[in-house]
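A quick write-up on the structure given underneath.
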Amino acid sequence: MSVRRPTRSHSAVDSPSGELDLAVQRTLEALSATGPAPGFHERILRGIERTEAQSAAVPRSLRPALSFGWRTAAALLLLLVAFAGWRQVARRRAPIQPTPSLSAGAKPRQASPSEITLPATSAGETPSSAPTPRLAVESTFPSAPIRLSVTNRARVMPAANEPAALAPTATRSAEEAAMEDWHTPSFPAPAMPLTAQERMVRLMLRRGEKHDLAALDSAAELRFAQRERAAMKDFFDPPPPPAPDLSLPPEGGGAAAPTGAAPSPGSAPPPLPSAPKP
Amino acid sequence: MSQIGETTHTEVDLPALVHAHAATLFRVAHSLLRNRAEAEDVVQDTFVRVLERQAHLPSVRDLRPWLVRIAWNLALDRRRRVRPEQADTLFLHSLTAADTPTDRALGDKEQARRVLDAIDRLPRAERQALLLSALDELSPAEIASTMGKSESAIRALIFRARTRLRDRLGKGAKR
């Protein structure tokens with residue numbers, strides 16, 4: 001199947017789109033006209049023989065080494081997977097750090113990114129200005145201030161799934177924990193990367209091509225598909241024969257059609273111009 | 001009915017196969033790579049693959065579409081390694097005759113380069129349908145068999161490729 005080549009009788013070559021069609025057609029014809037250099041078949045056969053000879057020789061000498069290499073790589077991969085799984089399990093089983101409680105009347109404070117501190121509540125307890133942020137709390141059990149080493153942006157949250165860890169050093173009500181959580185500054189979540197579908201839609205909108213935009217709207221797609229079918233039919237089907245020129249005087253005597261009248265149904269149609277092959 | 005190049009179930013008449021199909025495969029690979037040396041390598045690799053799978057040859061119904069499909073996929077893999085700018089330079093030089101005036105030659109080359117860039121940026125299926133149909137060596141049924149689609153789908157792909165090329169080149173010309 002060759003694409004219908006636009007000719008002067010079918011497309012307005014002077015129009016920009018006609019010129020573009022011709023440019024595309026010329027480039028495609030140049031691509032198809034490019035043939036191999038002389039001696040092509042011999043070179044191919046020699047190259048195949050060389051490749052076959054090499055592949056026949058190599059596996060025998062390197063087969064033990066290749067198989068050893070693959071086995072080692074498979075064993076290393078299994079070890080890595082096992083190690084990663086073991087670390088996951090070990091983290092889940094690690095004991096939870098005890099959490100401090102707020103005394104009544106203590107104001108929960110907005111923590112700065114570099115520290116998390118709570119106001120001192122019991123006598124003699126002052127928040128320390130040590131590099132490691134320290135939580136000084138009042139607890140129902142007399143104990144030393146609980147020190148927690150926290151990283152930047154860390155939030156102190158009660159361990160919901162390990163109730164045994166809360167006692168015996170600090171207790172806090174669920175309401176207090178919820179209030180603290182409410183007042184803890186929230187940091188914007190990192191932007192999620194776009195999915196493949198989102199990237200495609202963004203590209204389609206940026207390009208603004210009719211086919212792609214029509215696909216986003218089902219009604220528009222239906223209308224577009226109808227128009228495209230009609231245009232495709234016109235593209236692939238041969239053009240209709242040109243209408244006979246009635247202004248010219250008829251040749252010969254005899255059966256001359258009257259001026260201005262349409263040709264009779266029985267008369268043969270005029271010869272077609274050179275139609276392109278589909 | 002035995003096909004050209006096939007003598008027994010497992011033996012392949014390689015020279016006959018090469019003489020029958022190598023030129024077509026070269027044009028298929030060259031339409032994508034635009035580099036003669038790379039296209040010849042692709043043709044060579046295609047026949048090496050055929051030899052590796054010669055046991056499956058009796059089960060292949062249409063040999064030519066099968067070979068074209070292998071060559072196309074190998075050319076796609078190789079294209080990732082070959083920079084298009086390097087590939088196009090030699091091909092663009094071959095487009096213009098030696099006696100063409102310089103300014104006209106430059107204009108023709110620039111236009112052809114823009115067309116090739118636009119073809120490279122077409123969707124994969126449209127590009128394949130357009131390039132295979134432009135070769136004039138494959139029948140519509142063979143192209144459909146190569147791509148695993150119906151003939152009407154191939155016609156739609158070719159039409160869309162042309163329309164898209166016209167739109168993109170028109171937008172590029174306006175800038």
Side-chain angles (χ1 to χ4, degrees), chain A residues 1-6 11 15-37 39-52 54-56 200 203-204 207-212 224-225 227-229 231-237 277-278, chain B residues 14-15 18-19 22-23 26-27 30-32 34 36 39-41 43-45 47-48 51-52 91 94-95 108 111-116 118-119 130-144 151 154-156 158-171 173-174:
Chain A
M1 166 172 54
S2 66
V3 180
R4 190 183 75 170
R5 283 151 173 76
S11 67
S15 72
S17 61
E19 284 177 10
L20 293 171
D21 281 339
L22 273 178
V24 169
Q25 191 59 41
R26 263 190 252 123
T27 308
L28 291 174
E29 283 170 358
L31 278 174
S32 72
T34 306
F40 168 64
H41 295 135
E42 289 73 22
R43 282 198 301 277
I44 294 293
L45 287 168
R46 276 202 305 272
I48 294 170
E49 284 167 14
R50 215 181 306 129
T51 311
E52 285 292 292
Q54 284 172 1
S55 62
M200 199 160 57
L203 189 64
M204 282 159 63
R207 280 192 186 151
E209 291 187 355
K210 297 190 288 280
H211 310 88
D212 301 333
F224 184 79
R227 283 203 302 267
E228 196 183 39
R229 249 181 265 125
M232 235 174 69
K233 192 171 185 307
D234 183 53
F235 184 79
F236 283 107
D237 291 344
K277 293 175 188 171
Chain B
L14 192 63
V18 169
H19 278 89
F26 174 85
R27 289 194 180 86
H30 185 267
S31 67
L32 205 52
R34 273 105 66 182
R36 282 174 187 263
E40 286 194 14
D41 288 344
V43 174
Q44 186 179 308
D45 291 343
F47 287 110
V48 167
L51 288 177
E52 287 171 4
F91 173 67
S94 67
L95 284 183
D108 290 348
Q111 191 178 54
R113 183 187 292 277
R114 285 179 49 234
V115 171
L116 292 173
I119 290 175
L130 182 70
L131 290 176
L132 290 181
S133 70
L135 295 179
D136 276 345
E137 296 198 31
L138 297 170
S139 66
E142 286 177 326
I143 298 177
E151 288 190 38
I154 297 296
R155 286 154 63 100
I158 293 170
F159 175 74
R160 278 192 202 149
R162 287 285 205 152
T163 313
R164 210 184 284 265
L165 280 178
R166 196 187 308 132
D167 291 346
R168 287 186 184 171
L169 290 170
K171 277 183 197 169
K174 280 176 192 168

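Every heavy atom of this structure was used, including side-chain atoms; hydrogens, water molecules and symmetry mates were not. Chain letters run A, B, ... following the sequence lines, proteins first, then strands; residues in each count from 1.
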Problem set entry | Contacting moiety of Gln111(B), where chain A heavy atoms sit under 4.5 Å | side chain

Exercise. Between Ala23(A), Pro36(A), Ala33(A), which residue shows the highest count of heavy-atom pairs closer than 4.5 Å to chain B?
Worked result: Pro36(A)

Exercise. Which region of Thr51(A), side chain (C-beta onward) or backbone (N, CA, C, O), has a non-hydrogen atom less than 4.5 Å from a non-hydrogen atom of chain B, or is it both or neither?
Worked result: side chain

Problem set entry | Which atoms of Leu45(A) approach chain B - backbone, side chain, both or neither, heavy atom under 4.5 Å | side chain

Exercise. Side chain to side chain donor-acceptor pair (under 3.5 Å) with Arg36(B): which residues, sequence neighbours excluded?
Worked result: none

Exercise. Taking the side chain as C-beta and beyond, is there a heavy-atom pair between Val24(A) and Arg166(B) under 4.5 Å?
Worked result: no

For this session: Describe, in one word, how the ring planes of Phe26(B) and Phe40(A) are oriented to each other, choosing from parallel (under 30°), tilted (30 to 60°) and perpendicular (over 60°).
Result: perpendicular

For this session: Report the option among Ala22(B), Ser31(B), Ala118(B), Ala141(B) that has the most heavy-atom pairs separated by less than 4.5 Å from atoms of chain A.
Result: Ala22(B)

Problem set entry | Any residue meeting side-chain contact (heavy atoms from CB on, under 4.5 Å) with Arg27(B), in chain and number order, not counting sequence neighbours | Ala23(B), Leu135(B), Glu137(B)

Exercise. Checking Arg229(A) against chain B: side chain, backbone, both or neither under 4.5 Å from a heavy atom?
Worked result: neither

For this session: Just give me the residue among Val43(B), Leu131(B), Asp45(B) that pairs up with chain A most often, heavy atom to heavy atom, under 4.5 Å.
Result: Val43(B)

For this session: With side chain to side chain contact (heavy atoms under 4.5 Å, CB included) as the test, would you mind laying out the steps for Arg207(A) and Asp167(B) before giving the verdict?
Result: CA-CA 11 Å; Arg207(A) 280 192 186 151; Asp167(B) 291 346; over 6 Å; no

For this session: List the steps, then state whether side chain to side chain contact (heavy atoms under 4.5 Å, CB included) holds for Ser32(A) with Asp136(B).
Result: CA-CA 8 Å; Ser32(A) 72; Asp136(B) 276 345; 5.5 Å; no

